[in-house]
Protein chains: 2
Amino acid sequence: MPAVSDCINMLDSETKAVETPEDHAEELRLWLRLLTCTTLIEGEVRGRLRQRFDVTLPRFDLMAQLDKAPDGMTLSDVSKRMMVSNGNVTGLVERLVESGHLDRRTSETDRRVQVIRLTKLGRAEFRRMAAEHETWIADLFADLSPKDVRELMRLLAKTKASAQKSAARRRP
Amino acid sequence: MPAVSDCINMLDSETKAVETPEDHAEELRLWLRLLTCTTLIEGEVRGRLRQRFDVTLPRFDLMAQLDKAPDGMTLSDVSKRMMVSNGNVTGLVERLVESGHLDRRTSETDRRVQVIRLTKLGRAEFRRMAAEHETWIADLFADLSPKDVRELMRLLAKTKASAQKSAARRRP
DNA sequence: GGAAATCATTTTAGGCTTAAAACAATTCGG
DNA sequence: CCGAATTGTTTTAAGCCTAAAATGATTTCC
């Protein structure tokens with residue numbers, strides 16, 4: 001419910017309601033702050049992955065998805081999970097197969113489908129990177145109390161739901 | 001202070017302390033959720049900018065920086081503000097000058113420096129896009145109460161500070 | 001004054017990313 | 001069954017992005 005004061009400039013000099021855009025500055029500031037946090041952390045992680053393991057963040061992310069799926073995933077699954085385009089995954093997988101980290105085969109039951117999984121090498125390297133990665137994240141969030149973490153989790157869950165709803169409204 | 005139960009598996013069968021990696025699963029989950037939220041919203045904004053105005057998000061972001069600086073900015077300033085590489089800005093600016101949205105000139109007092117500003121066209125188009133953009137953001141965050149927004153702002157400020165501190169520790 | 005360090009920007013090489021179109025295989029509806 | 005939609009993937013064209021090296025201008029410090 002908007003306060004009376006918020007309505008003052010919705011009335012013109014003749015005290016007739018006019019179309020005045022609502023003020024959404026707070027949400028805008030929130031979005032910019034969210035983006036800043038993510039960019040900051042992402043850049044840091046990207047740099048450390050490159051320095052320590054000479055690997056890119058997208059490759060690491062892709063391997064992380066596969067590590068959770070011992071039986072492999074289809075390219076579409078990966079693309080949905082990573083929230084990136086299909087063509088993007090095609091290229092990433094190409095390079096990771098080339099470097100021996102991924103195994104790729106056409107599904108027996110549906111010849112459209114490509115199933116990819118980590119190779120032994122891929123899994124071993126990922127585990128090694130993931131262990132260190134986890135300590136970086138812990139360090140980056142070190143000044144948040146457990147309560148802060150819980151509260152952020154809760155609010156971000158709410159944010160995600162809100163954004164998904166809004167996206168669905170536009171593209172039903 | 002860790003609870004006693006957290007220490008149980010830090011003792012091996014002979015009741016001697018062993019090196020056990022700490023559990024940072026919560027922070028990791030928090031980071032993934034933060035990333036998911038940002039990716040979701042960013043993708044939505046990117047798509048809407050393209051559909052409605054045929055403009056990319058990086059171009060919009062760059063114009064947003066310049067809109068706040070009527071006297072223009074140097075490329076370095078822009079690069080720092082946007083948290084992207086210098087070379088990246090060079091390319092973006094090139095295309096925006098080409099399309100008539102930006103004006104670029106060498107500083108009178110320091111011939112290393114390039115000062116860029118919005119042209120009349122650039123400013124007009126940006127204002128038009130920004131107004132609509134603000135409503136998208138408001139809609140994406142619509143299910144958050146004002147209190148949620150405040151609380152999220154607070155926690156993200158804390159997160160940003162923590163991450164900056166951690167980044168500074170590595171790269172002093 | 002001049003060499004050395006610093007600073008702002010550009011270039012380079014490689015990879016990431018997207019939207020849209022194209023292709024290929026499967027499923028669905030008559 | 002068979003044509004039409006759908007689905008999974010790849011290709012294409014364009015743009016974004018980075019780190020590192022190169023270039024050019026300015027400042028610093030003997």
Side-chain angles (χ1 to χ4, degrees), chain A residues 35 38-40 42-63 72-99 101-102 104-116 171, chain B residues 35 38-40 42-63 72-99 101-102 104-116 171:
Chain A
L35 189 54
T38 300
T39 304
L40 189 59
E42 193 173 323
E44 198 59 25
V45 170
R46 185 193 307 282
R48 296 191 199 203
L49 280 175
R50 203 185 47 71
Q51 277 201 354
R52 285 280 296 134
F53 302 114
D54 193 32
V55 77
T56 65
L57 185 50
R59 276 150 142 88
F60 179 81
D61 285 345
L62 177 37
M63 287 195 269
M73 299 173 78
T74 70
L75 293 201
S76 287
D77 287 346
V78 172
S79 152
K80 281 190 201 79
R81 288 294 193 93
M82 292 180 73
M83 297 196 283
V84 300
S85 66
N86 286 344
N88 189 358
V89 174
T90 297
L92 276 172
V93 167
E94 223 162 54
R95 288 182 282 271
L96 280 167
V97 168
E98 169 69 26
S99 64
H101 294 86
L102 257 55
R104 167 215 204 100
R105 61 186 61 169
T106 303
S107 161
E108 300 284 332
T109 59
D110 185 339
R111 275 178 304 172
R112 289 171 303 182
V113 174
Q114 302 289 315
V115 178
I116 53 175
R171 205 178 348 80
Chain B
L35 189 55
T38 301
T39 305
L40 188 60
E42 193 174 325
E44 198 59 24
V45 170
R46 184 191 308 280
R48 297 192 198 201
L49 281 175
R50 202 183 47 72
Q51 277 200 353
R52 285 281 295 134
F53 303 113
D54 193 33
V55 76
T56 65
L57 185 51
R59 273 142 140 105
F60 179 81
D61 285 344
L62 177 37
M63 287 196 269
M73 301 173 77
T74 68
L75 294 201
S76 286
D77 287 345
V78 173
S79 151
K80 280 189 201 79
R81 286 294 194 92
M82 293 181 71
M83 298 196 282
V84 300
S85 65
N86 285 345
N88 189 0
V89 174
T90 297
L92 275 173
V93 167
E94 223 161 54
R95 288 181 283 269
L96 281 167
V97 168
E98 169 70 25
S99 63
H101 294 85
L102 257 56
R104 166 214 204 102
R105 61 188 58 169
T106 303
S107 162
E108 300 284 332
T109 59
D110 185 339
R111 274 179 304 173
R112 288 171 304 181
V113 174
Q114 302 289 315
V115 177
I116 53 175
R171 203 179 350 81

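Because the structure is predicted, anything quoted here is derived from the model rather than measured. Throughout, a chain's letter reflects where its sequence line sits, starting with A, and its residues are numbered from 1.
- One can place CD of Gln114(A) at 14 Å from P of dA24(C), the figure rounded to the nearest angstrom.
- Nearest nucleotide to the Ser76(B) side chain, out of dT9(C), dT18(D), dG15(C): dT9(C).
- Each of Thr74(B) and Gly47(B) has a nearest nucleotide on DNA chain C; the 5'-most of these lies closest to Thr74(B).
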Applying side-chain contact (heavy atoms from CB on, under 4.5 Å) to Met82(B) and Asn88(B), what does each step give before you reach the verdict? CA-CA 10 Å; Met82(B) 293 181 71; Asn88(B) 189 0; over 6 Å; no
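- In the model, Asp110(A) has no side-chain atom that pairs as donor or acceptor with a side-chain atom of Ser107(A) under 3.5 Å.
- The nucleotide whose nearest atom lies closest to any side-chain atom of Asn88(B) is, among dT10(C), dT9(D), dC17(D), dC17(D).
- What separates CD of Glu94(A) from C1' of dC16(C) is a distance of 13 Å, to the nearest Å.
- Distances shown here put every side-chain N or O of Thr56(B) at or beyond 4.0 Å from the OP1 or OP2 atom of dT18(C).
- Of all heavy-atom pairs between Arg104(A) and Glu94(A), the closest is NH1-N, 4.5 Å.
- Position along DNA chain D of the nearest nucleotide to Val89(B) versus Gly87(A) favours Gly87(A) as the more 5'-ward residue.
- Within the structure, every side-chain polar atom (N or O) of Arg46(A) is placed at least 4.0 Å from both OP1 and OP2 of dC17(D).
- The phosphate of dA20(D) has OP1 or OP2 within less than 4.0 Å of a side-chain N or O from Arg50(A).
- Between Glu98(B) atom CD and dG15(D) atom C1' there is a gap of 14 Å when expressed in whole angstrom units.
- Taking atom CG on Leu57(B) and atom C1' on dT17(C), their separation rounds to 13 Å, with Å as the unit.
- A sub-4.0 Å separation between OP1 or OP2 of dC7(C) and a side-chain N or O of Arg111(B) is absent.
- A residue-by-residue look at Val115(B) and Ser85(A) shows that Val115(B) has its nearest nucleotide of DNA chain C further toward the 5' end.
- Distance, Glu42(B) CD to dC16(C) C1': 13 Å, rounded to whole Å.
- At whole-Å resolution of the value, CD in Glu44(A) and P in dA19(D) are 11 Å apart.
- Residue Leu62(A) comes nearest to Val78(A) through the heavy atom pair CD1-CG1, 3.3 Å, listed as atom of the first residue, atom of the second, then distance.
- A distance-only check finds a donor-acceptor pair linking the side chain of Ser79(A) to the backbone of Val84(A) [under 3.5 Å].
- Comparing dA25(C), dT9(D), dG15(C) by their nearest atom to the side chain of Asp110(A) picks out dA25(C).
- Donor-acceptor pairing under 3.5 Å, judged by distance alone, is absent between the side chain of Arg112(A) and the base of dT9(D).
- Following rounding to the nearest Å, Leu75(A) (CG) and dA25(C) (C1') show an atom-to-atom distance of 15 Å.
- If you take CD1 of Ile116(A) and C1' of dT9(D), they are 12 Å apart, rounded to a whole angstrom.
- Considering only the side chain of Arg104(A), dT9(D) comes nearest among dT10(C), dT18(D), dT9(D).
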